[in-house]
Amino acid sequence: MERILTAEQMRAADNFTIEKLGIAQSELVLRAGKAVAEEILKKFKGGRALVCIGKGNNGADGRVIADILSKVHGFAVNSINIDNGLFGLFEKKYDIIVDCIFGTGLNKNVEGKYLTAIEKINSSGAYVVSCDIPSGLNADTGLAMGAAVKADLTVAIQEYKLGHFINDGKDYCGKVVAKDIGISVWEDDCVKIIGNEEVRKFFPERNHNVNKGDFGKCAVIGGSKEFTGSSLLSANALASMKTGVGYAYLFVPESLLSVYACKNPEIIVSTVKDENGHMIFDEESLKPALKFDSVAIGMGMGKSEETFKIVKYFLENFTGRLLIDADGLNSLSAFGVDVLKTKKCDVILTPHIGEFSRLLQSDKASFMSDIIAKSKQFADDFNVTLLVKNAVSVITDGKETYINVTGSSGLAKAGSGDVLSGLLCGMLTSHEDAIDVVTAGARLFGRCGEIAEKEQNVYTMTATDVIKALPEAINEVL
């Protein structure tokens with residue numbers, strides 16, 4: 001598992017290394033320049049390079065990179081100090097442009113000669129390498145500050161930064177490689193990246209002398225006459241994605257039984273009373289699900305007071321693990337999110353950005369620049385495990401925080417979230433901590449998206465294709 005630091009955490013580590021360990025700043029600059037040059041040399045053995053230099057340590061790193069490429073490896077190198085505003089060198093053609101204009105401390109919009117330099121880099125057609133973080137990208141928020149360099153490769157110095165991944169980060173950083181240069185980082189209270197090791201423990205070698213009762217029972221509760229597909233996808237995820245659960249149930253509106261019956265013979269279908277194709281609160285038809293290990297609720301149910309009553313019933317009476325998604329979340333937002341404080345069960349919330357903004361009663365723009373802190377605060381306030389779905393998802397229980405960097409833009413399609421809910425519901429029958437289950441499930445789901453994209457493309461892949469990719473994704477960690 002790899003750490004991701006804020007700009008302030010990285011500055012503190014720099015200062016400790018210099019002031020307490022006695023390693024000179026000049027030595028760290030030399031190491032950083034060598035680290036970036038080393039990554040360039042993995043792709044290029046020579047060629048024409050332009051190194052764009054700004055103020056501070058990032059610019060100093062650039063001078064080292066230029067010297068190594070030209071004097072040691074024979075590249076044809078030009079350097080340009082952006083502060084001088086002399087841009088004639090940009091008119092030449094380059095194989096590589098190295099971006100060392102700004103470091104991780106940028107906190108205002110890019111203007112003037114810096115904006116001009118960034119625009120020229122982005123329109124150059126060269127292979128662009130950014131030192132530490134693309135210039136113009138905020139190291140903490142991942143937001144482009146008016147403009148930012150679009151790198152093909154970003155060489156993170158010592159540790160990854162939040163801005164490499166969240167918001168605009170993935171679109172601007174290209175491939176990101178972290179290089180250890182000997183800066184001492186003692187920080188434990190940091191965001192972490194989920195790795196395959198977090199997934200592997202959920203698929204241990206099984207004994208032969210077992211039966212289906214040994215592997216848990218889970219249920220998906222959802223669907224309505226308008227959204228018959230949502231809960232079916234979730235249940236399909238439970239059955240066909242082979243998370244290892246022993247029993248998978250699907251609870252649907254009574255009048256829609258014929259829509260769901262025998263669509264997937266592995267799934268046991270139960271019904272809940274409804275009115276005009278929408279579930280209504282009915283304790284007798286819901287009570288059997290209280291005995292299950294995990295329940296996922298809300299997909300395709302419709303936002304309503306009846307949906308809220310059903311969610312509230314499980315919060316107050318269920319003692320397993322309850323995953324609330326989609327209209328379950330929207331109904332909480334509409335009729336009272338504070339009901340979460342009455343829960344008797346472990347609760348997992350899986351909102352996308354729009355749903356999270358409604359839970360916060362805030363517009364998206366006001367929290368996207370502070371999504372890590374807002375997520376942690378919400379999870380802590382309500383004592384829940386929270387998975388905020390986005391291009392890079394945030395997972396937190398208020399104490400530990402992770403991000404998942406696997407995935408595909410092809411997942412930005414109706415049904416994907418339903419599949420994730422089903423996958424997680426199956427995995428939540430595990431006895432592992434909920435935060436561990438959700439981090440592992442998020443990575444596994446993202447990897448399924450990558451496999452589906454590779455087999456097809458981001459345009460044609462669907463949620464069903466993501467389900468079909470699950471066996472390959474699990475085989476990779478076995």
Side-chain angles (χ1 to χ4, degrees), residues 1-14 16 103-107 132-134 137-144 154-173 175-180 183-199 348-353 356 360 364 367-407 432-447:
M1 190 180 298
E2 296 172 289
R3 295 172 295 198
I4 309 173
L5 301 190
T6 65
E8 179 55 39
Q9 287 171 331
M10 196 67 244
R11 277 192 293 272
D14 276 337
F16 179 85
T104 58
L106 183 70
N107 56 14
D132 210 5
I133 195 162
L137 196 67
N138 186 287
D140 288 335
T141 69
L143 294 171
T154 297
V155 183
I157 304 304
Q158 189 61 48
E159 304 285 345
Y160 295 115
K161 318 302 186 295
L162 285 172
H164 291 138
F165 304 106
I166 62 175
N167 292 318
D168 298 321
K170 289 189 79 172
D171 288 322
Y172 281 89
C173 290
K175 180 183 177 183
V176 185
V177 177
K179 299 288 285 187
D180 187 342
I183 295 174
S184 180
V185 179
W186 67 94
E187 184 65 60
D188 290 324
D189 184 22
C190 57
V191 178
K192 301 177 181 70
I193 298 177
I194 306 160
N196 274 343
E197 63 275 14
E198 281 72 62
V199 182
I348 298 90
L349 307 182
T350 58
H352 57 57
I353 290 297
F356 191 41
L360 291 173
K364 289 187 227 179
F367 71 81
M368 286 303 289
S369 63
D370 201 17
I371 189 169
I372 299 293
K374 294 288 187 184
S375 299
K376 288 177 68 174
Q377 188 64 57
F378 186 94
D380 189 57
D381 287 347
F382 292 98
N383 190 26
V384 298
T385 300
L386 180 67
L387 190 166
V388 182
K389 297 178 289 193
N390 202 11
V392 170
S393 296
V394 177
I395 306 104
T396 182
D397 60 1
K399 304 173 190 67
E400 297 289 328
T401 303
Y402 304 85
I403 64 169
N404 173 50
V405 299
T406 63
E432 300 286 345
D433 290 342
I435 186 73
D436 293 336
V437 179
V438 178
T439 54
R443 180 174 177 86
L444 193 62
F445 172 74
R447 182 64 190 127

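Values below: all heavy atoms of this structure, side chains included; hydrogens, waters and symmetry mates excluded. All residue numbers in this chain count up from 1 along the given sequence. Given the structure is predicted, the values throughout are model-derived calculations rather than measurements.
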Give, for atom CD of E159 and atom CD of E2, the distance between the pair rounded to the nearest 0.5 Å.
8.5 Å

Nearest-0.5 Å distance, CG of residue L5 to CG of residue D189
11.0 Å

Closer than 3.5 angstrom, by distance alone: can the side chain of K389 be matched with the main-chain N or O of T350 as a donor-acceptor pair?
yes

Which heavy-atom pair separates A7 from T104 by the least distance, and what is that distance?
CB-O, 3.7 Å

Is there a donor-acceptor pair closer than 3.5 Å between any side-chain N or O of E198 and the backbone N or O of G195?
yes

Give me the ring orientation class for H164 and Y160: parallel if the planes are under 30° apart, tilted from 30 to 60°, perpendicular past 60°.
perpendicular

Using the test side chain to side chain contact (heavy atoms under 4.5 Å, CB included), find all partners of D180 that sit at least two apart in sequence or belong to another chain.
Q158

Of all heavy-atom pairs linking C190 and R3, the shortest is SG-CG, 3.6 Å

Could you label the plane-to-plane angle of the W186 and F16 rings as parallel, tilted or perpendicular, counting under 30° as parallel and over 60° as perpendicular?
tilted

Shortest non-hydrogen contact from T154 to D132?
CG2-O, 3.4 Å

Rounded to the nearest 0.5 Å, what separates atom CG in D381 from atom CG in L386?
11.0 Å

Going by heavy atoms in the side chains, are I183 and D14 under 4.5 Å from each other?
yes

Side chain of D168, backbone of A144: donor and acceptor closer than 3.5 Å?
yes

Gap between atom CG of N390 and atom CZ of F165 - 0.5 Å precision
14.5 Å

Between the CD1 atom in I4 and the CD atom in Q9, the distance rounded to the nearest 0.5 Å is 10.5 Å

If you look at every heavy atom in N167 and T141, which pair is closest and at what distance?
ND2-O, 2.6 Å

d(T439 OG1, N404 CG) to nearest 0.5 Å is 9.0 Å

Residue pair C173 / L137: nearest heavy atoms and the distance that separates them
SG-CD2, 3.7 Å

Hey, mind stepping through I395 and I194 against side-chain contact (heavy atoms from CB on, under 4.5 Å) and telling me if it holds?
CA-CA 10 Å; I395 306 104; I194 306 160; 3.7 Å; yes

Across all chains, not counting sequence neighbours, the side chain to side chain contact (heavy atoms under 4.5 Å, CB included) partners of T401 are V191, I372, K376, V394, T396

Side-chain donor or acceptor of K170 paired with backbone N/O of V405 under 3.5 Å:
yes

Does the side chain of I353 reach to within under 4.5 Å of the side chain of V388, using non-hydrogen atoms?
yes

Please report the C-alpha distance between I435 and Y402 in whole Å, then the side-chain angles of each, then the deciding distance to 0.1 Å, and finally whether the side-chain contact (heavy atoms from CB on, under 4.5 Å) criterion is met.
CA-CA 9 Å; I435 186 73; Y402 304 85; 3.8 Å; yes

Closest heavy-atom pair and its distance - L143, S369
CD1-CB, 3.8 Å

Got a donor-acceptor contact below 3.5 angstrom from the D433 side chain to the D436 backbone?
no

Minimum side-chain heavy-atom gap R447-N196 below 4.5 Å:
no

